[in-house]
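Since the model is a prediction, treat every value here as computed from it, not as a measurement. These values consider heavy atoms only, across backbone and side chains, with no hydrogens, waters or symmetry-generated copies.
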Amino acid sequence: MLSVSGWCRTHSRLVQAGAFAAALLAGGGTALAQPIILAPDDPGRMVPSLSEALENGGFSNFSASDVAAPTVDLPAATQPVVVELFTSQGCSSCPPADAMLTRLAQQPDVLPLSYHVDYWDYLGWADSFARPEFTDRQEAYARAAGERSVYTPQMIVGGIETAVAPGPTQLMGLIDSRRFAATTVSVMREPTDKGEVIELSPLSELGGQIDIMLVRYAPERQVDLTEGENRGRSMTYTNVVLGTQHLTTWDGTTTLRLNVHPEHFADERFGPDTRHVVLVQQMMGKRRLPGRILTAIPLD
């Protein structure tokens, strides 16, 4: 059950997000530094009102075993649906959602990604996968949706669909809505002697700026929790995000070409089983808040 303590107001933070475009960019876009984001200066937890809870679908349950079967007798999606879970090792409400994400990873047309946030660390267990930039990403989603708080567990489907602790039927409905949505970006891939050439072309008017982001993630990690709200549990986490890197900004009007070479994203800080995916995501308004994920391109 998602407890009232599972809600948390955004922490005060002045964030200078990362880096200029990486060497993956070969042409068709201009590297831009990400803007400074000012989060609300109001730390602490917030209890949602009843009306807010009902507007967000109520206080529904996650269940580790209660996952709907994959949709049958329908064509497979050509590009994976990205499901982002914001979770924490220190959150007592999160283990069932973590288990649900593991089940989603078994579906070939779904790419679940587990972002561990850091705002539960004060409860006695510092999440070993948490990074401030993952909390920043969740806060940016909250501002884009007009929400006043962030909380765990939270799943966001395709960058735009979210619900408070959705049950399996609701979650699969959100995934299906993205599975069979109209494709807006064409992805052409061509192997070369040194790697691969990827071309992105708009199939409709995309509007605004589009971020191209590299995500590094580990397929599976096991952690024994000895302190905090989940002490005594041995947890298995799936598709744990280890780091993100902004590559470039695309205007979405002409073809963008990326030359992908393995040495460009190799990093000794991450394990040999690390996988990589490029997310192509619309950014909304002057504040460039995250919006729809137009496509996801697995690199390995």
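Side chains of Thr162 and Gln154: a donor-acceptor N/O pair is present below 3.5 angstrom, by distance only. For the residue pair Gln79 / Thr295, a side-chain donor-acceptor distance below 3.5 Å is found, with atom types taken as modelled. With 3.5 Å as the limit, one finds a donor-acceptor pair spanning the side chains of Tyr119 and Gln138.
Applying the salt bridge (charged side-chain N to carboxylate O under 4.0 Å, His left out) test to Glu199 and every residue at least two apart in sequence or in another chain returns Arg257. With sequence neighbours left out, Leu113 forms a side chain to side chain contact (heavy atoms under 4.5 Å, CB included) with Val82, Leu111, Tyr115, Val215, Tyr217, Val241, Leu279. Partners of Arg137 under the salt bridge (charged side-chain N to carboxylate O under 4.0 Å, His left out) rule, at least two apart in sequence or in another chain, are Glu84. Every side chain to side chain contact (heavy atoms under 4.5 Å, CB included) that Ser186 has, sequence neighbours left out, goes to Met188, Ser201, Leu203. Applying the salt bridge (charged side-chain N to carboxylate O under 4.0 Å, His left out) criterion to Arg189, with sequence neighbours excluded, gives Glu196. Contacts of Met235 classified as side chain to side chain contact (heavy atoms under 4.5 Å, CB included), with partners at least two apart in sequence or in another chain: Pro95, Asp98, Leu225, Arg233, Tyr237. With sequence neighbours excluded, the residues forming a side chain to side chain contact (heavy atoms under 4.5 Å, CB included) with Ser204 are Thr184, Leu206, listed by chain and number. Every salt bridge (charged side-chain N to carboxylate O under 4.0 Å, His left out) that Arg221 has, sequence neighbours left out, goes to Asp273.
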* **His246 and Thr244: CA distance, side-chain angles, deciding distance, side chain to side chain donor-acceptor pair (under 3.5 Å) verdict** => CA-CA 7 Å; His246 179 258; Thr244 61; over 6 Å; no

* Go through the steps for Thr255 and Leu200 under the test side chain to side chain contact (heavy atoms under 4.5 Å, CB included), then give the verdict. => CA-CA 5 Å; Thr255 296; Leu200 305 177; over 6 Å; no

* **side chain to side chain contact (heavy atoms under 4.5 Å, CB included) assessment of Arg216 paired with Thr274** => CA-CA 6 Å; Arg216 294 179 170 90; Thr274 301; 3.9 Å; yes

* Pair Val280-Ile293, side chain to side chain contact (heavy atoms under 4.5 Å, CB included): steps then yes or no -> CA-CA 6 Å; Val280 180; Ile293 296 176; over 6 Å; no

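Listed for the Asp211 side chain is no donor-acceptor partner under 3.5 Å among the backbone atoms of Gln281. In terms of modelled atom types and a separation under 3.5 Å, the side chain of Gln89 and the main chain of Ser128 share a donor-acceptor contact.
Applying the ring-ring contact (aromatic ring centres under 6.0 Å, His included) test to every pair with at least one member in residues 279-300, sequence neighbours left out, gives no pairs at all. Residues in residues 270-300 take part in these ring-ring contact (aromatic ring centres under 6.0 Å, His included) pairs, two or more places apart or across chains: Phe265-His276. Counting only residues at least two apart or on different chains, no ring-ring contact (aromatic ring centres under 6.0 Å, His included) pair has a member in residues 185-208. Applying the ring-ring contact (aromatic ring centres under 6.0 Å, His included) test to residues at least two apart or on different chains, none of the pairs has a partner in residues 190-210.
Residues Asp109 and Val81 form no side-chain contact, since every pair of their non-hydrogen atoms from C-beta on lies 4.5 Å or further apart. Counting heavy atoms from C-beta on, the side chains of Arg292 and Glu161 never come closer than 4.5 Å.
A salt bridge is defined here as a Lys NZ or Arg NE, NH1 or NH2 lying under 4.0 Å from an Asp or Glu carboxylate O, and Asp118 with Arg131 fails to meet this definition.
Taking every heavy atom of both residues into account, Ala142 and Ser149 meet most closely at CB-O, 3.9 Å. Closest approach of Arg288 to Met283, counting heavy atoms only: O-CE, 2.9 Å.
Transitive grouping of hydrophobic side chains (ILVMFWY, heavy atoms separated by less than 4.5 Å) keeps Ile156 and Ile160 in distinct clusters. Placement of Phe86 and Phe129 in two distinct hydrophobic clusters is found when ILVMFWY residues are connected by side-chain heavy-atom separations under 4.5 Å, directly or transitively.
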